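Written below as C-alpha cells is the structure these notes are about.
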Amino acid sequence: MKSLYLFFLALAVFCACQQRSSTNTAATETASDSAAIADAVHGFYRWYTAFSQDTTHRIDFTDDRGKHLKLIQPKLDRYLAHFKGSGFVSDEFVAAELAFYRQCSQLWLKEAVDDVPSCLDADRYFCAQDWEPAFWTTSPVRFRKVGDDRVMATLVGKSFDSPMERNISLKKENGKWLITSIECDMGVGSTPSGVSFKPLTLNEKYVTAQLENRPALSADEFARLELGSLVSEDKRNAPNAKVCVLDTVLATDRGKVLVVAYDNGNETEAWLVPYGASPKIRFREPVYYADQVEYVKTINSAFAGNKLTISTSTDSDDQKSSTTQTYVLTDQLVFERTNR
C-alpha cells in the first residue's frame, strides 16, 4: 500500500513539473515574440525614415504629362522592391500595395492632373502629412493574436504631444515576424467606406457656451494650426480677442477637422481647420458668423452624416435675404457643393 502511495505521489510531482515547464516555455515564447514583433515594427520605421529621406533612391511611379495622373507599373515594382529588400515586409504586403495603387489609378482617371491626387495626399506609411519619427521607432508595442502565427500590433504613444495609436499586422514566416499591412485610411481598399461628421449645429447658443468653456490657443498651437491666413496678427492682438478650438467634427486616420473660432466681444467667426489632414479638405467658407453690434449678417451651420449645410441671413437697409449652401464630404476627403 505504501508503495502505491509513493507511486501516485511521484506521478503527481512529475505532472506538476511538466505543467510548470510547459507554462514557463509558453511565457518564454510570448516574451520572445513580443520583443521580436516590436523589433520588426521599430526596425521597419527606422528603415523607412531613412529610405524616405534618401533622394538617391527616390522613384516617382506616376506620370503627370496628360490630363490625368497615370501609374507607371515598372517603376512601382522597383519602388516596392526596396520594401521587400528591407527584410521587414512580406510578399503579402507587397501584393496588397500593388492592388492599392491600381485602385488609386482608377480614381485618378476622374481627377484633373493638377488636383491633389487621391492616395498621394499624405504619407502612406506614416499615415499623415507631418509626423514625429520617434513615435514610430520607439513607442511601446502591444499585440494580440489574430490567427496562427498572425498578430495585430499596436504602437501606443504620443505624437506632437497628443496620444496616438497605430495598428500594424504581422505574420511569422520561417521563424521571422514580417509586416503584412499597415492600417491607414486613404479612402480606398478594404477600409470602411464613407466619412461622417460628428452631428453638430453651430448656432449662437452652442458657440457662446463653447467660447466660455474652451481655453484660448497658445502661440505655438496657433502656429501649428496655420491660422495666420484666417486671423491676422492685429485681430489676434486686439483687446478681448480670443482664438480657440470649439470642437472636432471629423477624426480619421487621415487627420482631424476642427472648428476654430475667433471672438473679440463684437463679432465672432468660425472656420473648419484641418489638422494633420489631407490638403484636399481645405474649406475656406466661414461656418459661423455673428455681429453683436450691428446684427447685419449671421451664419449658422449644421453637420449630419457627410453633409454640411451653411445658412446665411442678412438684414441691411430693411432688405432681408437668406441663402443656403450644402456640401458633401466624399470618401476622398473632398468637399463637393450639391446646390448652386
Side-chain angles (χ1 to χ4, degrees), residues 17-54 56-59 61 71-104 119 123-128 131-157 164-186 188-192 253:
C17 289
Q18 287 291 96
Q19 184 176 8
R20 188 178 300 113
S21 175
S22 177
T23 301
N24 290 340
T25 300
T28 301
E29 289 178 351
T30 299
S32 176
D33 278 339
S34 179
I37 290 165
D39 287 345
V41 173
H42 293 155
F44 169 79
Y45 276 103
R46 284 193 295 269
W47 170 83
Y48 181 66
T49 297
F51 174 73
S52 62
Q53 296 172 351
D54 184 357
T56 62
H57 289 102
R58 187 163 295 166
I59 300 173
F61 49 81
L71 182 66
I72 307 174
Q73 186 68 49
K75 289 189 175 182
L76 177 61
D77 293 339
R78 285 170 48 206
Y79 175 74
L80 293 175
H82 285 287
F83 286 77
K84 179 63 177 174
S86 73
F88 294 108
V89 306
S90 64
D91 289 335
E92 185 178 327
F93 175 93
V94 174
E97 293 304 288
L98 283 169
F100 168 78
Y101 283 111
R102 285 168 184 157
Q103 285 183 287
C104 296
C119 310
D123 186 276
R124 169 79 170 144
Y125 308 108
F126 289 119
C127 201
W131 55 86
E132 288 187 316
F135 168 83
W136 302 93
T137 58
T138 63
S139 290
V141 178
R142 299 193 306 239
F143 76 92
R144 59 183 174 86
K145 290 188 175 182
V146 293
D148 292 340
D149 289 331
R150 287 182 180 266
V151 298
M152 174 67 76
T154 303
L155 280 162
V156 183
M164 189 164 80
E165 296 186 4
R166 285 291 184 264
N167 294 326
I168 298 158
S169 298
L170 302 95
K171 72 174 181 179
K172 185 183 279 188
E173 290 184 356
N174 300 319
K176 183 178 181 179
W177 287 101
L178 298 174
I179 293 172
T180 58
S181 67
I182 297 170
E183 186 178 281
C184 182
D185 177 12
M186 300 292 283
V188 298
S190 59
T191 51
D253 285 341

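These numbers were taken from a predicted model, which means no experiment stands behind them.
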In this structure, CD of E132 is separated from OG1 of T138 (nearest 0.5 Å) by 9.5 Å
| task | Find out whether D123 and W131 are in side-chain contact, i.e. whether some heavy atom of one side chain is under 4.5 Å from a heavy atom of the other. | result | yes
Nearest heavy-atom approach of H42 to S139 is NE2-O, 2.7 Å
To the nearest 0.5 Å, atom CD of E183 lies from atom CE of M152 at 6.0 Å
Which of I179, I168, V141 passes side-chain contact (heavy atoms from CB on, under 4.5 Å) with I37? It is V141
The ring pair (Phe, Tyr, Trp, His ring centres under 6.0 Å) partners of W47 (sequence neighbours excluded) come to F44, F51, F83
Q. Are R124 and F100 in a cation-pi contact, defined as NZ or CZ under 6.0 Å from the six-membered ring centre and within 45° of the axis?
A. yes
In the structure I gave you, are the side-chain heavy atoms of M164 and L155 within less than 4.5 Å of one another anywhere? no
Heavy-atom nearest pair, L178 first then G87, reads CD2-O, 3.4 Å
Please report, to 0.1 Å, the donor-acceptor pairs under 3.5 Å made by any side chain of residues 73-82, with sequence neighbours excluded.
unit_1, atom_1, unit_2, atom_2, d
Q73, NE2, D77, OD1, 2.9

Applying side chain to side chain donor-acceptor pair (under 3.5 Å) to Y125 and not counting sequence neighbours gives E97
In short, salt bridge (Lys or Arg N to Asp or Glu O under 4.0 Å) pairs touching residues 82-92 with sequence neighbours left out are K84-D91, E92-R150, E92-K171
Does the separation of the ring centres of Y45 and F135 fall below 6.0 angstrom?
no
When every non-hydrogen atom of K172 is compared with those of D33, the smallest separation belongs to NZ-OD1, 3.0 Å
Value for OG (S52) from CZ (R58), rounded to nearest 0.5 Å, stands at 8.0 Å
For T180 and S169, indicate whether the former's side chain and the latter's backbone hold a donor-acceptor pair under 3.5 Å. yes
Sorted by chain and residue number, the side-chain contact (heavy atoms from CB on, under 4.5 Å) partners of D54 (sequence neighbours excluded) come out as T56, H57
Residues 35-51 vs salt bridge (Lys or Arg N to Asp or Glu O under 4.0 Å), sequence neighbours excluded, gives none
For A36 and W177 the tightest heavy-atom approach is CB-CD1, 3.7 Å
Q) Quick check, are the ring centers of Y48 and F88 under 6.0 angstrom apart? A) no
